[in-house]
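Taking it in order: structure first as structure tokens, then the write-up.
Naming convention: chains lettered A, B, ... in sequence-line order (proteins, then strands); numbering from 1 in each chain. Atoms considered below: every heavy atom in the structure, side chains included; atoms not considered: hydrogens, waters and symmetry mates.
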Amino acid sequence: MERIVAGMSGGVDSSVAALLLKQQGYDVVGVFMKNWDEKDEDGVCTSTADWEDVQDVCHTIGIPCYSVNFEKEYMDRVFSRFLDEYKKGRTPNPDVLCNREIKFKAFLEFAEKLGAEKISTGHFVRTEMRESRPVLLRGADTNKDQSYFLYMLKERQLAKAVFPVGGMLKSQVRAMARDAGLSVSGKKDSTGICFIGERNFRAFLQNYLPAMPGDMRTEAGETVGRHIGLAYYTLGQRKGLGIGGRGDGRSWFVLQKDLKNNILIVGQGEDHPSLYSNRIEASEATWIAGAAPMPEGVPFRCTAKFRYRQPDQQVSILQSGDTLFIEADEPQRAVTPGQSAVFYQGDRCLGGAIVDTAIPIREKR
RNA sequence: UGGGGUAUCGCCAAGCGGUAAGGCACGGGACUUUGACUCCCGCAUCGUAGGUUCAAAUCCUGCUACCCCAG
């Protein structure tokens, strides 16, 4: 009987994933990962509660369960880079790294040591063999598709993974959990950084990044406020600026970071022109198939997402050396350095790259 | 010091005798496995002390503060 190690977070999705595998006759072993040790703002250690949920669910399903600790790996391979990026004034996405380095690497290796052929997670994505090679497809529930977070995986990682709920709708997953009597069937979807959880983001960052106050200025150079450190803001952000009543009365948004002078450039209006770009330069391109879908220097038409859950955007991409040039058909709002651009061809996720620069539209030449 | 003006929520700002618009900020919630965006809800008795009136943020008087002009 084939053994599968089910990664279980204590949430509905991974629980139902394990349940489905069990029903399909696999030798399922549930494993809970603890990768972060800290209480939340209320002094509650959510991972303890989640671990209890996992034990509960495993008991109901009738599978053994274990817990494994990757705190060190998470800190070394994910969180340290996360902080480095912030220190550079960028806005990283820790979860794409977490998937590549932890869930589909450290955890996968651990599962193999347990004698498992494969691992499962509760991600809403599908895989399929095409020409005897695994491809990553969007989840069937277009509203919950999580392929964006898995673009850094490679074929050999995909080949070792199963995503039992990828073909289902979220509503079906919940219904199945309820019918099976899983205690977590009504549990709220978790959000926030994976393993760290939902928290006051600014306060959280303040534990790791030094304050470096400076001016907030308009593009014209007028000082309109103070910031507590450029790292605490991201492009297109509105909340937290604390500027009210100035100018034409509209809301203020972060337009740019001037790291050299420690100045946050802000402007009014959700649709401020400086927030829009259609030419983006990215690097660290990774392709699930191992190589880009097009030769170097040749443009390629596909769709892209510049943030999770963004509707597909029509783009042309062109690789030149280490740089990936992206040209979007439509203007894109607040494309942010450090964030990921993920590429698709139909339902298939091809890979992605990390944004370095978004060139404002009005600088077109 | 003399003359004039203004004082309404943290900020901007309606109101002109009939019982406090709106925007921004902020707080809460929804959405969301990153960060954001978005959406919904909440949020003042009118500088102060008196007076007139059935009724005052709205009229009158004193006080206080700030602004402008003058010299």
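- Pairing partner, B:C66: B:G5, with both Watson-Crick or wobble hydrogen-bond distances short of 3.5 Å.
- In this structure, A:Gln310 places its CD atom 15 Å from P of B:U38, rounding to the nearest Å.
- Using a 4.0 Å cut-off between charged side-chain N and carboxylate O, A:Asp329 and A:Arg301 make a salt bridge.
- In this entry B:U45 has no Watson-Crick or G-U wobble partner, no candidate having both defining distances under 3.5 Å.
- Look at the C1' atom in both B:C67 and B:U61: the space between them is 23 Å, to the nearest Å.
- Spacing between B:C39 and B:U6 at atom C1', rounded to whole Å, works out to 39 Å.
- The CZ-C1' distance, from A:Arg250 to B:C12, rounds to 15 Å in whole Å.
- When the P atom is compared between B:C26 and B:C37, the two are found 10 Å apart, to the nearest whole Å.
- A 3.5 Å limit on both hydrogen-bonding distances identifies no Watson-Crick or G-U partner for B:A36.
- Scanning atom types as modelled, one donor and one acceptor separated by under 3.5 angstrom connect the side chain of A:Arg307 and the base of B:G35.
- Using a 4.0 Å cut-off between a side-chain N of Lys or Arg and a carboxylate O of Asp or Glu, A:Glu128 and A:Arg130 qualify as a salt bridge.
- Residue A:Arg309 has no polar side-chain atom (N or O) positioned under 4.0 Å from OP1 or OP2 of B:C31.
- Syn is the classification of B:C37, since its glycosidic angle stays within 90° of 0.
- Minimum atom distance to the side chain of A:Lys188 is reached by B:C31, of the listed B:C31, B:A36, B:U34.
- No donor-acceptor pair under 3.5 Å is formed between the side chain of A:Thr357 and the backbone N or O of A:Glu281.
- Ranking B:U34, B:A36, B:C37 by closeness to the A:Pro94 side chain, first place goes to B:U34.
- Contact annotation: A:Asn93 does not reach the phosphate of B:A36 (side-chain N/O to OP1 or OP2, under 4.0 Å).
- As a whole-Å value, the separation of A:Asp145 CG from B:U32 P is 13 Å.
- To the nearest whole angstrom, the two C1' atoms, one in B:U45 and one in B:A55, are 15 Å apart.
- If you take CG of A:Asp248 and P of B:A25, they are 11 Å apart, rounded to a whole angstrom.
- To the nearest angstrom, P of B:G35 lies 19 Å from NZ of A:Lys87.
- Atoms CZ (A:Arg199) and C1' (B:U32) sit 17 Å apart, rounded to a whole Å.
- For B:U38, the base has no donor-acceptor partner in the side chain of A:Glu270 [N/O atoms by modelled type, under 3.5 angstrom].
- Atom P of B:A57 sits at a distance of 32 Å from the matching atom of B:C40, rounded to the whole Å.
- If you take CD1 of A:Ile102 and P of B:U34, they are 18 Å apart, rounded to a whole angstrom.
- Following rounding to the nearest Å, A:Ile243 (CD1) and B:G23 (C1') show an atom-to-atom distance of 15 Å.
- Contact annotation: A:Ser251 side-chain N/O to B:A25 OP1/OP2 distance is under 4.0 Å.
- Comparing A:Asp95 and A:Gly244 along RNA chain B, the residue whose closest nucleotide (by nearest heavy atom) sits nearer the 5' end is A:Gly244.
- Under the salt bridge (charged side-chain N to carboxylate O under 4.0 Å, His left out) criterion, the residue pairs touching residues 311-325 of chain A are A:Arg138-A:Asp312, A:Lys305-A:Asp312, with sequence neighbours excluded.
- Among the heavy atoms of the strands lying under 4.0 Å from A:Phe253 are primed sugar atoms or P, OP1, OP2 only; no base atom is included.
- Proximity of a side-chain donor or acceptor of A:Glu296 to a complementary backbone N or O of A:Gly321 within less than 3.5 Å is detected.
- Phosphate contact (OP1/OP2 of B:A25, side-chain N/O of A:Arg238, threshold under 4.0 Å): present.
- Rounded to whole Å, the P atom of B:A30 lies 39 Å from the corresponding atom of B:G15.
- The P atoms of B:A14 and B:G22 are separated by 15 Å, rounded to the nearest whole Å.
- In terms of position along RNA chain B, the nucleotide closest to A:Leu241 lies nearer the 5' end than the nucleotide closest to the other residue of the pair A:Leu241 and A:Tyr308.
- Here the rule is ring-ring contact (aromatic ring centres under 6.0 Å, His included) with A:Phe32, and of A:Phe110, A:Phe107, A:Trp51, A:Tyr66 only A:Trp51 fits it.
- Here, B:A25 and B:C63 have their C1' atoms 33 Å apart, quoted to the whole Å.
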**Message:** Let's go through A:Cys302 and A:Val315 carefully: what are the C-alpha distance in whole Å and the side-chain angles of both, what is the deciding distance for side-chain contact (heavy atoms from CB on, under 4.5 Å) to 0.1 Å, and is it a yes or a no?
**Reply:** CA-CA 6 Å; A:Cys302 59; A:Val315 300; 3.9 Å; yes
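- Among B:U34, B:G35, B:C37, the nucleotide with an atom closest to any side-chain atom of A:Tyr86 is B:G35.
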